[in-house]
Amino acid sequence: MSPRSASVNEELRRRSRERLLQAAVELVGERGYEATTLADIADRAGSARGLVSYYFPGKRQLVQSAVHRLMHRTLEEAVEREPRSEDGRERMARAIDAILSLGRDRPVLMRQHMAGLLQAEGFVQCPEQQRLAELLRDAVARHGSQDVDGDYPMMRSLLMGAVYAMVLPNVPMSITTLRAELFKRYRLDWEMGTPPGSGAAAGAGSGESDLSRFFATGEEPGDPPDPPDPSNSPDRSGQL
């Protein structure tokens, strides 16, 4: 059998990483962070357990990357949905609604994510977090900001605070109240985006369990198996 090409190996690595990200989001959302182990994530992903440490330094980094993936794909889907709009105020409304919907529909996952951000390492500088930042900065810029470098961190902080208020145990604030405050600050009309209770909101924030559209893990018939578990290899110096 001829060796696999570099492009095939790269695709296999990408799919393995995507499956781990999806499994992390699903399990932490179901069980919470502490009750989810790296072995659990590997088993749900159908991956060799040694592959987890091959792709991620630890559980905290894996989970944070996974949640940032879910966030940036949810945000991307919201701002680009049909009918598409180039109006900066409409795109800002969609961005706010996308992030708030995660707090409403996935409170366990987002509560664990917020707690993780308070750890010493803070934000994990990963491609998923960087893409989320790019999308939020774009929303701020399109909204008409004259100081994106100053206004983006403020928007990020306001959204984080709103999500925190939604997932706070025992005394959560309602999405309607928090949305009203954010919309007032950014001078947005209530009808923009996906107002709570509307038909669009019910479809966009359904909290469905199938997250596969956010993680590119699809395989075609006849695809080769995953790459070998690097923990069983005598040479572990290879880089992704």
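With hydrophobic clusters built from ILVMFWY side chains whose heavy atoms lie under 4.5 angstrom apart, L117 shares a cluster with L132. Under the 4.5 Å side-chain contact rule for hydrophobic residues, L182 and W190 do not share a cluster. Hydrophobic clustering (side-chain heavy atoms under 4.5 Å, transitive across Ile, Leu, Val, Met, Phe, Trp, Tyr) groups M154 together with L100. Hydrophobic clustering keeps V171 apart from V108 (ILVMFWY residues linked when any side-chain heavy atoms are closer than 4.5 Å, directly or through intermediates).
For V163 against G103, the heavy-atom pair with the smallest separation is CG1-CA, 4.4 Å. Nearest heavy-atom pair across S47 and R19 is OG-NE, 4.4 Å. Annotation for L20 and Y55: closest pair CD1-CD1, 3.7 Å, computed over non-hydrogen atoms. Of all non-hydrogen atoms in R73 and R213, the two that sit nearest each other are NH2-O, 3.1 Å. In this structure, S53 and G50 approach most closely via the heavy-atom pair OG-O, 3.2 Å.
Inter-residue side-chain proximity for R44 and E30 is flagged as met; some heavy-atom pair is nearer than 4.5 Å. Within the 4.5 Å cutoff, the side chain of I99 has heavy atoms near those of the M71 side chain. Two residues are said to be in side-chain contact when any heavy atoms from C-beta on lie closer than 4.5 Å; M166 and M173 fail this criterion. Annotation: side chain of V25 is in contact with side chain of F215 (closest heavy-atom distance under 4.5 Å). Side-chain contact between E134 and R137 is absent, with no heavy atoms from C-beta onward closer than 4.5 Å.
For the pair Q146 (side chain) and G144 (backbone), a donor-acceptor distance under 3.5 Å is present. At distances below 3.5 Å, at least one donor-acceptor pair connects side-chain atoms of H143 with backbone N or O atoms of Y186. The main-chain N or O of T37 is found under 3.5 Å from a side-chain atom of D40 such that the two form a donor-acceptor pair. Between the side chain of H72 and the main chain of H68, no donor-acceptor pair closer than 3.5 Å is present. With hydrogens and angles ignored, the 3.5 Å screen pairs a side-chain donor or acceptor of S65 with a backbone N or O of Q61. Distance alone, capped at 3.5 Å, is enough to place a donor-acceptor pair between the R94 side chain and the R81 backbone. A distance-only check finds no donor-acceptor pair linking the side chain of D189 to the backbone of E191 [under 3.5 Å]. In this structure a side-chain-to-backbone donor-acceptor pair under 3.5 Å is present from K59 to Y33. Between the side chain of R69 and the backbone N or O of E128 there is no donor-acceptor pair closer than 3.5 Å.
Here M92 contributes atom CE and D97 contributes atom CG; the two are 12.0 Å apart, rounded to the nearest 0.5 Å.
A cation-pi geometry, defined here as NZ or CZ lying under 6.0 Å from the six-membered ring centre and within 45° of its normal, does not hold between R13 and Y54.
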| request: Kindly indicate, with the supporting measurements, whether the criterion side chain to side chain contact (heavy atoms under 4.5 Å, CB included) is fulfilled by E80 and R91. | output: CA-CA 9 Å; E80 299 297 341; R91 292 176 72 90; 3.0 Å; yes

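Between Q22 and E26, the side chains place a donor N or O and an acceptor N or O closer than 3.5 Å (distance only, hydrogens not considered).
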